[in-house]
Amino acid sequence: CFDALHGALGDCSCNVDTIDYFNNVKIFPRIQSLVSKDYFRFYKVNLKKECPFWADDSRCAMKYCHIKTCSKDSVPGYVDEHENERPAEKYTKIDQTACSTDEDHNPDLGYLNMTISAASQYEIAKWNAHDSALENFCECDDRDADAEYVDLSLNPERYTGYKGPSAHRIWRSIYQENCFRPKLNPYESFPYVLSSDLSNMCLEKRVFYRAISGLHSSINIHLCSNYLLSEKGVDFAAPPEGEWGPNLEEFQRRFDPSQTHNEGPNWLKNLYFVYLLEMRALSKAGPYLETEEYFTGNPTEDEETRAAISNMLSVIYSFPDHFNESAMFNGGSQAAKLKNEFREHFWNISRIMDCVGCDKCKLWGKLQTQGLGTALKILFSSQWDSLEADPEQGTLPVRHKANKRLQRTEIVALFNAFARLSNSIRQLENFRIMLSANKEPE
Ligand code: FAD
């Protein structure tokens with residue numbers, strides 16, 4: 001599968017080899033170290049939501065699907081409560097006097113009635129929630145009563161044994177019902193979508209499919225690179241240990257052209273594609289992300305996190321061939337309609353994640369779709385355009401609560417999702433080395 005994994009990526013001016021070098025040398029070490037920091041390690045998520053599309057068929061009984069949640073006391077700084085209840089004065093450092101020195105020449109005409117009845121305030125809060133939901137590509141469920149913290153470092157994404165009809169129903173439903181499908185695979189079987197059909201689709205629909213397919217590749221690369229090689233020494237009453245590592249055969253089964261109707265290399269290219277997409281979102285939101293506090297309650301740790309963020313973003317800014325999202329959704333009312341469909345389809349995919357029948361797969365599936373959804377929001381909702389148009393904006397008081405553009409959980413998901421893609425590209429290098437070692441004559 002590596003012979004075909006070179007050269008142009010398509011739908012952008014970038015190529016696979018440039019990304020390989022840039023990721024493996026520059027991004028990978030930085031992002032892995034960043035997501036091990038406390039701010040990024042704890043993810044709040046509701047894994048108990050009912051599947052909205054069909055009766056949940058399989059609470060996973062496999063021990064490798066099990067996840068460990070955290071009590072609030074083990075989360076540094078009680079992160080989200082702190083965020084919500086931070087005293088207002090901490091945020092109101094804007095110089096009010098500088099705004100009120102200009103006298104209005106005609107106080108009557110200039111008068112604005114700013115009083116709002118309690119009832120309208122309630123309505124406006126509802127409008128705001130509705131409007132911001134319109135800009136969102138997925139549901140945030142960290143405020144749900146059932147949401148719990150998970151320490152990601154204790155629950156690594158790896159082989160779980162989740163497969164068969166339940167896993168296939170999720171993927172089939174994602175590709176067949178929610179992607180802009182070029183046309184049905186006539187055999188109604190695998191692969192769900194043929195890459196040869198993509199050239200007949202418009203850029204926006206192709207981007208959508210490629211992003212989902214890239215995410216699918218990343219998930220499957222993780223299970224191949226962190227495979228259960230042997231169960232020796234596993235105590236069945238205790239959390240699973242065993243021996244974990246790369247499984248080249250499993251990787252080839254999933255991506256070799258001869259075993260995938262020639263699709264494997266395209267699926268791998270889609271991984272690079274979704275990586276580019278998320279990296280562009282980080283670059284675009286960079287001026288804002290650099291002003292976040294990354295609060296955990298430990299000033300030294302927080303300072304280090306901010307420094308690591310700035311350092312990583314400066315490397316990302318230096319990437320020469322960023323994805324160009326401005327080529328998408330141009331063309332009046334049709335484009336606006338398409339954008340809305342794009343958002344609704346992605347929203348559905350994020351809800352399908354509640355139907356995943358393995359808790360660990362669900363955790364990482366939800367995190368990665370939320371990360372990708374956050375990236376799409378940054379790329380395609382108008383509120384983010386102004387940030388980049390005026391880089392000075394990044395230095396304005398965006399820490400002020402009213403200006404807050406991303407929730408903590410979205411930031412955590414965005415960076416962790418990108419870290420997963422980065423790790424997948426790095427793992428491909430390992431498989432490439434293993435494969436060439438296998439080929440060498442005795
Ligand atoms: P599947 O991966 O189930 O794919 C089904 C079909 O889709 C394939 O036959 C092929 O035709 C097509 N396809 C495959 N890859 C692509 C691609 N990249 N792009 C387009 N089409 C493709 N298992 C784990 O062990 N650990 C996990 O953490 C894990 N997380 C998961 C998270 C989610 C959200 C889901 C839905 C599943 C997860 N799984 C996980 C299961 C795993 O993804 C596979 O479904 C499972 O291993 C069965 O693999 P399969 O070979 O039957 O093909």
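For reference, positions follow the sequence shown, starting with 1. Every number for a ligand or one of its atoms is a count from 1 in the order of the listing.
Annotation: cation-pi geometry not satisfied between R306 and Y294 (NZ/CZ under 6.0 angstrom from ring centroid, within 45° of ring axis). F273 carries R210 over the face of its six-membered ring, with the cationic atom under 6.0 Å from the centre and within 45° of the normal. Seen from the ring of Y149, K44 counts as a face-on cation partner, given the 6.0 Å and 45° thresholds.
Neither the backbone nor the side chain of W364 comes within 4.0 Å of ligand 1, counting heavy atoms alone. Both the backbone and the side chain of T160 come within contact range of ligand 1, each with a heavy atom under 4.0 Å. Contact annotation: for M353 versus ligand 1, heavy atoms closer than 4.0 Å belong to the side chain alone. For R253, every heavy-atom contact with ligand 1 shorter than 4.0 Å involves the side chain, none the backbone. Only the side chain of N220 comes within 4.0 Å of ligand 1, judged by heavy-atom distances.
Considering backbone and side-chain atoms together, Y209 places no N or O closer than 3.5 Å to any N or O of ligand 1. Between S217 and ligand 1, an N or O atom pair is found at a separation short of 3.5 Å.
For atom 4 (O) of ligand 1, the candidate residues are E250, H168, H222, H216; the nearest heavy-atom contact is made by H216. In the candidate list K269, E263, R254, K163, R254 is nearest to atom 47 (O) of ligand 1, counting heavy atoms. The residue among W267, F255, W171 with a heavy atom at the shortest distance from atom 13 (N) of ligand 1 is W267. Considering G214, C361, G164, S213 only, the shortest heavy-atom separation from atom 19 (N) of ligand 1 involves S213.
Taking 4.0 Å as the cut-off between side-chain N and carboxylate O, R351 and D354 do not count as a salt-bridged pair. Ion pairing between K37 and E301 fails under the 4.0 Å rule for side-chain N and carboxylate O.
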Apply salt bridge (Lys or Arg N to Asp or Glu O under 4.0 Å) to the pair K366 and D141, showing each step before the final yes or no.
-> CA-CA 10 Å; K366 283 182 78 112; D141 53 25; 2.7 Å; yes
Decide salt bridge (Lys or Arg N to Asp or Glu O under 4.0 Å) for K48 and D359; before the verdict, give the C-alpha distance in whole Å, the side-chain angles of both, and the deciding distance to 0.1 Å.
-> CA-CA 9 Å; K48 296 184 184 141; D359 275 351; over 6 Å; no
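F251 has its ring centre less than 6.0 Å from the ring centre of F255.
At least one heavy atom of G161 sits closer than 4.0 Å to an atom of ligand 1.
Atom CG of L414 is separated from atom CG of L289 by 6.5 Å, given to the nearest 0.5 angstrom.
Numbered from 1 in the order shown, with element, the atoms of ligand 1 that lie under 4.0 Å from a heavy atom of A167 read 45 (O). Close contacts between ligand 1 and I170 involve ligand atoms 36 (C) [criterion: under 4.0 Å to a heavy atom]. Of all atoms in ligand 1, numbered sequentially from 1 with element shown, those under 4.0 Å from a heavy atom of Y162 are 23 (N), 37 (C), 38 (C), 39 (N), 41 (C), 46 (C), 47 (O). Taking a cut-off of under 4.0 Å to the non-hydrogen atoms of Y159, the atoms of ligand 1 that pass are 25 (O). Listed by number with element, the atoms of ligand 1 under 4.0 Å from a non-hydrogen atom of R158 are 24 (C), 25 (O), 26 (N), 27 (C), 28 (O).
Between W171 and H216, the angle of the ring planes stays under 30°, which puts this pair in the parallel group of the 30/60° scheme.
No side-chain heavy atom of N340 sits less than 4.5 Å from a side-chain heavy atom of F342.
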